[in-house]
J.: 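Here's a structure for you.
Below, chains carry the letters A, B, ... as their sequence lines are ordered, and counting in each starts from 1.
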There are 2 protein chains.
Amino acid sequence: MNGHSSVDRALAERVRAAAEELNYSASPLARSLVLGKTNTIAVVVPDLENPSFHGVLHGLSRAAKRNGYHVMIADSEESPVEERILAVETRRRCDGLVLCAPRMAEAELDQLLDELKPVVLVNRDAQSTTTPVVAADYRTALGELLDLLRGYGHRSLVYLAGAPESVANARRLEAIRDFLDDHPDSFVEITPCGVSFADGYEACERVVGSAATGVVAFNDLVAMGLISALSEHDVAVPEQISVVGFDDIPLARYMTPPLTTASVPVTELGAHAWRRMWDLLNGRVPDHAILLRPRIQSRASTGPARLGGVQS
Amino acid sequence: MNGHSSVDRALAERVRAAAEELNYSASPLARSLVLGKTNTIAVVVPDLENPSFHGVLHGLSRAAKRNGYHVMIADSEESPVEERILAVETRRRCDGLVLCAPRMAEAELDQLLDELKPVVLVNRDAQSTTTPVVAADYRTALGELLDLLRGYGHRSLVYLAGAPESVANARRLEAIRDFLDDHPDSFVEITPCGVSFADGYEACERVVGSAATGVVAFNDLVAMGLISALSEHDVAVPEQISVVGFDDIPLARYMTPPLTTASVPVTELGAHAWRRMWDLLNGRVPDHAILLRPRIQSRASTGPARLGGVQS
DNA sequence: ATGAAAGCGCTAACAT
DNA sequence: ATGTTAGCGCTTTCAT
């Protein structure tokens, strides 16, 4: 018997040596079958190409490896139906599931959660109070960005919105509503925009046409696109308009000017997700939800407001 | 019996219905054990955070899914020893292995390949003539970039080198050597630099100090860092110095000026890798090696050479 | 056409 | 302390 029974020392040693020689090792498959555990978990993501999932995957896989677990990946290609099928099917080949920002509807998700458990949710919450959730606190972070702008004296802002349906956008809107409630003298214009550099670039006219002195872009890409267009229109950032992004992508700090933004701790998100899963796997009950606070990176794309905005 | 035996129609239908009702489905684990195949492959990468591996993973996982295969990931964290252990261990839990740009030494790799097969290599070649290799043709692509610069009249260039040991850097040096052989009137100064924005930024002095009219950066990040520093030194790109990058990262086309670079088809790389694996899995013999040509993106960071370089 | 039995490679519980 | 056996959940082969 291999491992920790009560066997003769010498014999055990000889067996181990022989195993080494023939380079034999127990079939993980057969072990899994009899033990009822595969030492593998799966993570389902909507799009493997999205950088924010890389971070999560990275943090998760490293943490899992330290506990001797392997990780499978499943890419739902942004399809809610595919996502459901994939989740169920993948779940059967492993011991647990991590669902990253699932795209399926609330009702469907809640119903599915029971069948899938153990399962942990990343960047998406559910009714289920038994399912652990780990998420980035977009709402608080955007609030801090708004506060920063306000601290510089900005009272009239534009928000360049992302995908209207998305949870990410909804959270930001909540933060704006909170902010407006707290500061009745402030004004934020919600402008449909998008999530890419090109979207930000094209929003330039609208921004310049408004009386705003500050812009909150949905993310860094949008902010960069906007800044690029602004510089072509000879609008100085931050002298005439301050701009903030969101995500802190690698190039954000190297832009001219370096971009003020919120850095989402994606790798930590993944590590925390594993922690929850590990608890679940060991019969422990993890905290229900944990919100990770993005870090505000205050850089040179923001500065004191000039009265009257661009026109002045 | 489930599937395609010769059974009574009605009975089969009833069984299927019952299975549906109880939402029963065969345990993939037990099936795997008896069939001797897991319908899973694993891909080993040196660093899950590296964007170029995301593309490969993405293309690979989508292609594999279409053939009913799952994919596991293993992150060796850039450690050659870890890589070896991981590869062997992971291989036992699945039907095949894809090694992405393995960091281990040639000799070790060649020896290991036999134990791991079926295995396909991405962006790294080996002695083994039986192991399929799919790679990006860095050498040809850099040659084309050099030709482009030459076409603009540049005769004196600087190459900002990446990690000295890396295969990626070696391929580029080969291309430079070829180019120099073909064009004895050209001159390329090899300068140690690095792979990041900051590395490129710091190379500015060296570049300005040289007589070069064109710069070949190891990658886009380096090129961007350099251009950023050049603009602070009021050196105009491409009027005074032309700069090319490599990779075509998402922001390359949006830089000011938009960056001339080579676009590596990473997703296709992944898809091709799966194709090879699929052949291997089905007893077919795939082509030994396939080289995917990056696409040259000629943009505004390159232009006609001015005699005398910066000084003029 | 259908049912029974063997066995994939292991581990755990039992008997020696 | 060591050897033996049952069985994890399937598929396949062989009888019926």
J.: Under 4.0 Å between a side-chain nitrogen and a carboxylate oxygen: does that hold for B:E174 and B:R139?
T.: yes

J.: Is A:E77 salt-bridged to B:K65, going by a charged N under 4.0 Å from an acidic O?
T.: yes

J.: Nearest whole angstrom, please: distance from the P of D:dT2 to the CZ of A:R14.
T.: 11 Å

J.: For A:V122 and A:P102, which heavy atoms make the closest approach, and how far apart are they?
T.: O-CD, 4.3 Å

J.: Judged by modelled atom types alone, do A:S128 and A:D110 share a side-chain donor-acceptor pair under 3.5 Å?
T.: no

J.: Between B:D125 and B:R171, does any NZ, NE, NH1 or NH2 come within less than 4.0 Å of an OD or OE carboxylate oxygen?
T.: yes

J.: Separation of B:R92 atom CZ from C:dC8 atom C1', in whole Å?
T.: 14 Å

J.: Under 4.0 Å from any atom of DNA chain D, heavy atoms only: list the residues of residues 27-40 of chain A that qualify, in numerical order.
T.: A:L33, A:V34

